[in-house]
Peer 1: 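Here you go, one structure.
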Amino acid sequence: MKPIEEYKEISDKEINAALDFAEKMVLKNLGEFTTKFQKAYSENNFYEPVDNTDWTGGFWTGEIWLAYENCLRNGRSEDAIKLRSAAEIQVESFLDRIENKIEVDHHDMGFLYTPSCVAAYKLTGNEKAKKAALLAADQLIKRFHPVGEFIQAWGPMNAPENYRLIIDCLLNLPLLYWASEETGDNKYRDIAEKHIHTAVRNVIRDDYSTWHTFFFNMETGEPDHGATCQGYRDGSAWARGQAWGIYGMACAYRYTKQEDYIEKFKNVTGYFLEHLPEDMIPFWDLEFTDGDDQPRDSSSAAIAACGMLEMCKYLNKDDADKYRSIAYKLMKSLYENYAVHSYDESNGLVLHSTYSNHSPYNTCNHYGVDECNIWGDYFYFEALTRMVCDWNQYW
Ligand code: GLY
């Protein structure tokens, strides 16, 4: 990468054009994706409609709410009504899903219920959304292990092969803070805080790269070992894991106000930035750089930009200016080189993401490689939104 000063920031004109395009794309997609959801990843750059059963449905509803907010800001009230009605149909689906426990035995309750139902409640006071999000918070805290003090990510509980957290979970925790605020019951917040401290202590390595997943001893709760699932190899830094770490540290600081988390945010962000290629958009694992024949993960850049923009609220002016400027530079590259600019190209917003790239050293399946990913689209839209208003965040 060139020195960071040599990169250009996204301009106001580009931000507004990108927001308007995103809003129009969401509106155009409502016909196909109101009772159905966009799949986690596109195939040949087009999403198929799917039921609300994956961990990713909340991002599509979140995009609808972001488009709704963009319409309201710009006085397009008829379109805002259309968007709100569609999002409310999706909220019903989320309530049904949690009431009937459909594919909810995992930790992704925050990814599912924050941008869909917490957003709905914050924006419109929707009581069904509140009920659904509180049930999701109850479901999430069932996965907390007092021995080790963490929320287990995947799989049946109390099996040594599942006794681990993953870095992504930091974004599931704002749901718990919200639940405590709404109910006045601190049990959600207490669990979130314990998990945050355990995660931060263990997933950040000495060089400030991060483990994707971290195991604990089931009997003693002692930290055992780190491992990857979606990264290239155990010791490498999966790009999206590092990006979840950036946004996760911003949320960790926002909610705990623990002073040393500011430094940790800077460290994790620094590692990410030091391992970017020439156009600032990471390859799927930070081990790779220019010249490597590997796919990108554009979604990581969008997540990192959101994390930096969130953290700017809590930093001193010089630091805030620095990270805001970097976020604007990441977004410039995404807008110019990765974003969708016509409906013929895709029904998503950002190309060249990687969901799950199998390598000889990792344990994941192979799908959504060099495609749109629904969370990449969502966080790109969120970052743009953060740039035009003092956004009342969903997380
Ligand atoms: N949270 C799963 C992923 O980032 O792929």
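First listed ligand is number 1; within each ligand, the first listed atom is number 1. What's counted below: heavy atoms across the whole structure, side chains too, no hydrogens, waters or symmetry copies.
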Peer 1: Test your reading of the structure: does Gln230 have an N or O sitting under 3.5 Å from an N or O of ligand 1?
Peer 2: yes

Peer 1: Just jot down the ligand 1 atoms closer than 4.0 angstrom to any heavy atom of Asp168, in number order.
Peer 2: 1 (N), 2 (C), 3 (C), 4 (O)

Peer 1: Which donor-acceptor pairs under 3.5 Å do side chains of residues 223-232 form with protein atoms, sequence neighbours excluded?
Peer 2:
from	atom 1	to	atom 2	distance (Å)
Thr228	OG1	Gly231	N	2.8
Gln230	NE2	Tyr355	O	3.2

Peer 1: What atoms in ligand 1 come closer than 4.0 Å to a heavy atom of Arg240?
Peer 2: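 Ligand 1 atoms under the 4.0 Å threshold to Arg240: 3 (C), 4 (O), 5 (O).
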
Peer 1: Identify the residue among Trp55, Phe94, Tyr47 that makes a ring-ring contact (aromatic ring centres under 6.0 Å, His included) with Phe37.
Peer 2: Phe94

Peer 1: Check contact between Trp238 and ligand 1, using heavy atoms of the residue and a distance below 4.0 angstrom.
Peer 2: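 Trp238: in contact with ligand 1 (<4.0 Å).
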
Peer 1: Find all atoms of ligand 1 within a distance of less than 4.0 Å from any non-hydrogen atom belonging to Tyr355, and give their numbers and elements.
Peer 2: 5 (O)

Peer 1: Taking the basic N atoms (NZ, or NE/NH1/NH2) and the acidic carboxylate oxygens, is any pair closer than 4.0 Å for Glu193 and Arg189?
Peer 2: no

Peer 1: For Lys131, look at atom NZ and say whether over 12 heavy atoms of other residues, nucleotides or ligands are found less than 6.0 Å away.
Peer 2: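 No, the 6.0 Å shell around NZ holds no more than 12 heavy atoms from other groups.
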
Peer 1: Within the structure, does Trp375 bring an N/O atom to less than 3.5 angstrom of an N/O atom in ligand 1?
Peer 2: no

Peer 1: Could you list the donor-acceptor pairs under 3.5 angstrom formed by side chains in residues 56-63, with sequence neighbours left out?
Peer 2:
from	atom 1	to	atom 2	distance (Å)
Trp60	NE1	Phe33	O	2.9
Thr61	OG1	Gln90	OE1	2.6

